[in-house]
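Lettering follows sequence order; numbering is per chain, from 1. Being a predicted model, the structure only gives us computed values, none of them experimental.
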Amino acid sequence: MAKKTVVVGMSGGVDSSVAALLLKEQGYNVIGLFMKNWDEKTENGCCTAQIDYEDVKRVCAKIDIPYYTVNFAKEYMENVFQYFLAAYKAGHTPNPDVLCNREIKFKHFKERAVALGADYIATGHYCNIAVKDGKNYLLKSKDRQKDQTYFLNQVTQRQLDNVLFPLGIYEKTQVRAIAQQYNLSTATKKDSTGICFIGERNFRKFLQNYLPAQPGKILNLQGQEVGEHIGLMYYTIGQRRGINLGGRKGDGEGRWFVVKKDINKNILYVSCGDESPLYSTVCSVKNMNWILEKPFAKQFDCTAKFRYRQEEQKVTITVQANDSIIITADEGQRAVTTGQYAVLYMDDICLGGGVITNILE
RNA sequence: UGGGGUGUCGCCAAGCGGUAAGGCACUGGAUUUUGAUUCCAGCAUUCGUAAGUUCGAAUCUUGCCACCCCAG
C-alpha cells in the first residue's frame, strides 16, 4: 500500500514541529507547509514571520521532510481582518482566530494541500477527531489546559474530513519533551500568543493603525461623568486596565471596570468596585455552527465556554433557528461580550459555537 | 476686604514630634494562539513654599503662595 501523504501546517512553533515529527514517525509521507498571512513588520522592525520560517526550515531539515510556503495574506485580509475591523467598529469584540481557522487553515490552506497531493492535512492544534457513523467528531485534547477546540468551533463537518490532530493525545509537557529528545530547534521556543499570524503586539496601537480614535465621555452607572475615553473600540466589556481612572472622592477603593458601550452616543460606561453589573445569565447567539450539522433537540442541557480558557459552564440551550440559539446559564457569567464566541460541549465533544449577539438578562 | 478651612505620588487617602500606610491609576513581568480577566513586581529621600524651634518636623511656630467656603 502506498504511503499516505500528509501536509502539515507549520507555524515555526514547537507544536506544529512535533506534529510533523510524529506523523513522520508514524510512516506518513509528510510535507511541511508554512503560511504567511500577514505582511506588516512588527514595531521593532523585525519580521517575526521570517524568524518562524527559519525555524520551519530547520525543523523540516532535521526530520527530513520537504517544505513549502504559501501566502494567504490577501485571503486573510478579506475574510478575516475586514470582519475583525468591522466588528470593532460596531462596538463588538471579535475573535479573529476562530474565523482564521474556518476561512484560512481549513479552507484555503486545505485546498492548497490537496493540490499538493495531500491525503490528509494536519495541524498542531490540541484537540482530537473521531469518526463515528460517518461523522467527524471534534473532541477535546488530553491536555485540558491546552485544549483548542474553542478556536475550532466554526469549522464545518466537511472541513474536518481527512484532518489529523497528532497532538491531541499528548500533554504539552510531553510535546516539549519530544521536541527536546529529537533536538528540534523549536523545543524551548516560547509559545506564541496574540492574534494568529499577526502576533503579540500593543493592541491599542495596532488598532489605531486601522480604526480612527473618537474620544468621548466615560460615565458611571449613575450617569455621572467620571472621565474621558480615547475611542470605544479600544475597550472591551470587563476590562480594567487602560481606563485611566484612579480614586474618586467617595467611590471607595475599588477598581474600575468597563460594563457597557453605547456605540451611538459614543459613551463608555464603567463601574467602580462593584462587578455585579458585569454578570449575566442569558444571551443570544447567531451564526451557530453545529459541527454535527444540526442540534439534537429543540432544547437541551450541555456546557459552554464564553471565552477561551474559561471553565465550562452548565447551560441550557434553546434553539431558535438552525443557526441561532439562546443560552441560559445556571450561574451568572462575568463579562459575556458581544462578538465573542460561545462554544458548546457535551462531555468530550465540541458541538460547535456561534457569535454572542445580545446579553438578555 | 474681613472670618473660617485646606494644601502628603497622576487620583483618592493615612499620618498629628521619631525619621512617608494603603487603595486606584500607571509601568514591567507571569499566564494566554482573540480581546479581556487574574497573578506577581515596581512606583514620593519627600509632605504648597520660605524661615524658625528641636538631637530629630509632613507633624509645633511665623511669613508668603494657592485653592475652597461664609460674610460683604
Side-chain angles (χ1 to χ4, degrees), chain A residues 9-16 19 35 37-38 48 52 76 80-81 83-85 87-88 90-105 123-127 141 143 145-154 167 172 189-207 211 218 220 226-228 232-259 261 270-275 278-279 305-311 333-343 353 355-356:
Chain A
M10 298 190 69
S11 65
V14 234
D15 295 332
S16 54
M35 272 186 282
N37 297 337
W38 192 253
T48 50
D52 289 335
Y76 186 86
V80 178
F81 203 68
Y83 141 87
F84 168 82
L85 294 179
Y88 266 114
H92 304 126
T93 305
N95 186 330
D97 290 354
V98 169
L99 270 197
C100 178
N101 281 313
R102 186 184 78 194
E103 296 298 322
I104 306 295
K105 292 176 187 163
T123 68
H125 281 109
Y126 282 85
C127 54
S141 61
D143 188 335
Q145 292 300 311
K146 297 299 293 184
D147 176 62
Q148 287 169 322
T149 50
Y150 180 87
F151 291 104
L152 297 176
N153 79 79
Q154 287 288 304
L167 301 189
K172 176 85 187 195
K189 194 169 172 181
K190 194 181 181 310
D191 285 5
S192 66
T193 56
I195 300 170
C196 207
F197 298 114
I198 295 178
E200 184 114 54
R201 48 182 74 218
N202 183 315
F203 201 76
R204 242 178 214 186
K205 283 185 191 159
F206 177 69
L207 269 188
L211 297 171
I218 300 182
N220 63 16
V226 296
E228 191 167 299
L232 284 185
M233 63 283 277
Y234 306 125
Y235 305 84
T236 189
I237 308 303
Q239 175 175 333
R240 165 165 88 86
R241 307 193 91 139
I243 306 173
N244 231 306
L245 286 179
R248 227 179 52 109
K249 225 176 186 66
D251 274 321
E253 301 195 327
R255 301 159 162 184
W256 293 85
F257 289 94
V258 172
V259 298
K261 298 204 258 184
V270 296
S271 165
C272 179
D274 178 19
E275 292 185 53
L278 285 172
Y279 284 79
K305 281 162 91 163
F306 297 92
R307 56 171 53 74
Y308 180 55
R309 298 211 105 236
Q310 177 191 24
E311 266 188 55
Q333 302 297 313
R334 184 184 184 281
V336 174
T337 305
T338 62
Q340 291 284 292
Y341 286 84
V343 179
V355 182
I356 298 161

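- Contact annotation for A:Y88: backbone-only contact, meaning every heavy-atom pair under 4.0 Å involves sugar-phosphate atoms and none involves a base.
- Among residues two or more places apart in sequence or in another chain, the side-chain contact (heavy atoms from CB on, under 4.5 Å) test is passed with A:R204 by A:N202, A:I230, A:Y234, A:Y235, A:Q239.
- Interatomic distance, CZ of A:F197 versus CD1 of A:I104, reported as 7.5 Å (0.5 Å rounding).
- As rounded to whole Å, 15 Å separates atom C1' of B:U34 from atom CZ of A:R102.
- Taking atom CZ of A:R240 as the reference point, atom P of B:C26 lies 8 Å away to the nearest angstrom.
- A 4.5 Å side-chain heavy-atom check between A:S141 and A:Q148 finds every atom pair outside the cut-off.
- Using P as the reference atom, B:G42 and B:G23 are 12 Å apart when rounded to the nearest Å.
- No side-chain heavy atom of A:H92 sits less than 4.5 Å from a side-chain heavy atom of A:V355.
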Pairs under 3.5 angstrom only: tabulate donor-acceptor contacts from the side chains of residues 335-342 of chain A to other protein residues two or more places apart or in another chain.
from, atom 1, to, atom 2, distance (Å)
A:T337, OG1, A:A335, O, 2.9
A:Q340, NE2, A:T93, O, 2.8
A:Q340, NE2, A:P94, O, 3.4

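- Residue A:R307 is in base contact, counting any heavy-atom pair closer than 4.0 Å across all strands shown.
- Between the C1' atom of B:U34 and the CG atom of A:L85 lies a distance of 14 Å, rounded to the nearest Å.
- The base-pairing partner of B:G17, taking Watson-Crick or G-U wobble contacts with both distances under 3.5 Å, does not exist among the strands shown.
- Remark: A:Y126 OH to A:Q145 CD distance equals 12.5 Å, nearest 0.5 Å.
- Atom CH2 of A:W256 is separated from atom P of B:C26 by 13 Å (rounded to the nearest Å).
- Separation of the P atoms belonging to B:A51 and B:A58 is 14 Å when rounded to the nearest angstrom.
- One finds the CG atom of A:N153 at 13.0 Å from the OH atom of A:Y308 (value rounded to the nearest 0.5 Å).
- Rounded to a whole angstrom, the distance from the C1' atom of B:U49 to that of B:C67 is 15 Å.
- Across all strands shown, the partner of B:A30 is B:U38, judged by Watson-Crick or G-U wobble contacts whose two distances both fall under 3.5 Å.
- Side-chain contact between A:N95 and A:F151: present, with at least one pair of heavy atoms (C-beta onward) separated by less than 4.5 Å.
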Restricting to nitrogen or oxygen on both sides, can you table the protein-nucleotides 41-43 of chain B pairs closer than 3.5 Å?
none

Under 3.5 Å, which N/O atoms of the protein pair with N/O atoms of nucleotides 30-33 of chain B?
from, atom 1, to, atom 2, distance (Å)
B:U33, OP1, A:K146, NZ, 3.1
B:U33, OP1, A:Y308, OH, 2.7
B:U33, OP2, A:K146, NZ, 2.6
B:U33, O2', A:G194, N, 3.4
B:U33, O2', A:G194, O, 2.4
B:U33, O4, A:H125, NE2, 2.2

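- For A:M233 and B:U34, the CE to P distance is 22 Å, given to the nearest whole Å.
- Rounded to an integer number of Å, the gap from CD of A:Q239 to C1' of B:A25 is 14 Å.
- Formation of a donor-acceptor pair under 3.5 Å by the A:Q154 side chain with backbone atoms of A:G353 is found in this model.
- For the pair A:G242 and A:Y234, both in contact range of RNA chain B, the more 5′-proximal nearest nucleotide belongs to A:G242.
- The nearest whole Å value for the distance from the CZ atom in A:F206 to the P atom in B:U34 is 14 Å.
- The gap from the P atom of B:G15 to that of B:U59 amounts to 15 Å, rounded to the nearest Å.
- The partner of B:G22 is B:C12, judged by Watson-Crick or G-U wobble contacts that both fall below 3.5 Å.
- With hydrogens and angles left out, the side chain of A:R255 and the base of B:G23 share no donor-acceptor pair within 3.5 Å.
- Taking every side-chain heavy atom of A:T337 into account, B:G35 is the closest of B:A36, B:U38, B:G35.
- Looking at heavy atoms from C-beta onward, A:V258 lies out of side-chain contact with A:T236 at the 4.5 angstrom threshold.
- Backbone-only engagement by A:F257 is indicated by non-hydrogen atom pairs under 4.0 Å involving sugar-phosphate atoms exclusively.
- If you run salt bridge (charged side-chain N to carboxylate O under 4.0 Å, His left out) between A:D15 and each of A:K172, A:K189, A:K146, only A:K172 comes through.
- Side-chain atoms of A:Q340 come within donor-acceptor range of the base of B:U34, with a qualifying N/O pair under 3.5 Å.
- A:F84 has its side chain within reach of A:L207: a pair of non-hydrogen atoms, C-beta onward, lies under 4.5 Å apart.
- Remark: A:N244 engages no residue in a side chain to side chain donor-acceptor pair (under 3.5 Å) (not counting sequence neighbours).
- Nucleotides B:C11 and B:A44 have their P atoms positioned 16 Å apart, rounded to a whole Å.
- Pairing for B:C60 goes to B:G52, judged as Watson-Crick or G-U wobble with the two contacts each under 3.5 Å.
- Comparing the same atom, C1', in B:U45 and in B:G72 gives a spacing of 47 Å after rounding to whole Å.
- In this model, a donor atom of one side chain and an acceptor atom of the other lie less than 3.5 Å apart for A:T149 and A:D147.
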Provide a list of protein-nucleic acid N or O atom pairs under 3.5 angstrom, restricted to nucleotides 8-11 of chain B.
from, atom 1, to, atom 2, distance (Å)
B:C11, O2', A:G247, O, 2.2
B:C11, O2, A:G247, N, 3.0

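- Between B:G18 and B:A71, the two P atoms lie 40 Å apart (nearest whole Å).
- For B:C43 and B:C9, the C1' atoms lie 8 Å apart once the distance is rounded to whole Å.
- Distance, A:K205 NZ to B:U27 C1': 12 Å, rounded to whole Å.
- Nucleotide B:A66 forms a Watson-Crick or G-U wobble pair with B:U6, both donor-acceptor distances falling under 3.5 Å.
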